[in-house]
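Each ligand, and each atom within it, is numbered from 1 in the order the structure gives. Side chains are part of it too, since the values below use all heavy atoms of this structure and drop only hydrogens, waters and symmetry mates.
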Amino acid sequence: MNKAVRKAIIAGNWKMNKTRPEAKELIEAIKPLVANAEGKVEVITCVPFTNLETAVAATAGSNIKVGAENVHFAKSGAFTGEISADMLVEVGVEYVVIGHSERRQYFGETDETVNKRTAAALAAGLKPIVCVGELKWERECNITEEVIARQIKLDLWEVSKEDVKKVVIAYEPVWAIGTGLTATPDQAQEVCAFIRAQLAKLYDEETAQAVTIQYGGSMNAGNAAELLAKPDIDGGLIGGASLKAPDFNTIVQAAVEG
Ligand code: PEP
């Protein structure tokens, strides 16, 4: 199995942006542009909780899937401000970003909570996009692989071989997110290949070959094609550039052609 048979996935992560009318407008602008990706590239918009219903309605009948940006691990209970996996499913959400570096950095996410959220998402039938990535300092100290291996092992702890094939891994070097600094295609490829090797160790080669691995970190209309041409980069998780329909579409088209 190789890249040609893995699912290519381009996902926008809108972060804390867009009101509901703005969300509808952006999705309506993206829809016709990416229609040709159907059957070739999975296109996802991950939006704030308040935009989920709007996004599900606006994407109905199109090839765009909707994702949330976080999920809690409990089924229900005293977790003020949190949203459960069942609540997301009820709204019509298919994907959920888990362990984004901004959640780890600003909201105390740990590998343990990322693992619990991943398990809860899978149990509810959601497809998790699990984010991993090293800090700038960790790269400078030459421990990128150590950090990534630990995150992969812990974040996917007790996730079965069948379930891990539903997980998307997003390699997002923290120093490249929202900074305009992008990992070079070779740097990104090196770590994505390392992630696949870790999956092969934890599961087996066939399973590792089936998992979609995205790169994220200042991916944009100008650099996407080169990144997506790499053999272990199966897609992208896009922040800033996902807020502009033409830029997001250029990235989707690069994946369609790549
Ligand atoms: C992200 O939010 O996951 C991301 C990669 O952001 P940006 O593309 O803006 O660096």
Practice item. Considering the heavy atoms of Glu172, write down every atom of ligand 1 situated less than 4.0 Å from one of them. Key: 1 (C), 3 (O), 4 (C), 5 (C)
Check your understanding: Looking at Lys40 and Glu257, does any basic side-chain N land under 4.0 Å from a carboxylate oxygen?
Key -> no
**Study point:** Check ion pair Lys7-Asp234 (N to O, under 4.0 angstrom)
**Key:** no
Review point. Do any N/O atoms on Thr179 end up under 3.5 angstrom from N/O atoms on ligand 1?
Key: no
**Study point:** Per-atom contacts, ligand 1 versus Gly178 - under 4.0 Å to a heavy atom
**Key:** 7 (P), 9 (O), 10 (O)
Review point. For Ser218 and ligand 1, does the shortest N/O to N/O distance drop below 3.5 Å?
Key: yes
Review point. How far is atom 8 (O) of ligand 1 from its nearest protein heavy atom, and which residue and atom name does that atom have?
Key: Gly239 N, 2.8 Å
Review point. Can you name the nearest heavy-atom pair linking Ala200 to Glu205, along with the distance?
Key: CB-OE1, 3.4 Å
Study note, to complete from the structure: d(Leu199 CG, Thr207 OG1) to nearest 0.5 Å is 8.5 Å
Exercise for review: Would you indicate whether Arg20, at its atom CZ, is surrounded by more than 12 heavy atoms from other residues, nucleotides or ligands within a distance under 6.0 Å?
Suggested key: no
Review point. At what distance, to the nearest 0.5 angstrom, does OG1 of Thr113 lie from CZ of Arg103?
Key: 9.0 Å
**Study point:** Pair Lys161 + Glu206: basic N to acidic O under 4.0 Å
**Key:** no
**Study point:** atom 1 (C) of ligand 1: the protein heavy-atom neighbour that sits closest, reported with distance to 0.1 Å
**Key:** His100 NE2, 3.2 Å
Point to revise | Residue part near ligand 1, for Ala176, under 4.0 Å between non-hydrogen atoms | key: backbone
Revision key, fill the gap. Counting from 1 in the order shown, the ligand 1 atoms closer than 4.0 Å to a non-hydrogen atom of Gly240 are 7 (P), 8 (O), 9 (O)
Review point. Hey, does Asn223 have a side-chain heavy atom less than 4.5 Å from the side chain of Met219?
Key: yes
Review point. Hey, which atoms in ligand 1 end up nearer than 4.0 Å to a heavy atom of Leu237?
Key: 3 (O), 5 (C)
**Study point:** Numbered atoms and elements of ligand 1 in range of Gly217, under 4.0 angstrom, heavy atoms
**Key:** 5 (C), 10 (O)
**Study point:** Within reach of ligand 1, part of Ile177 (heavy-atom separation under 4.0 Å)
**Key:** both
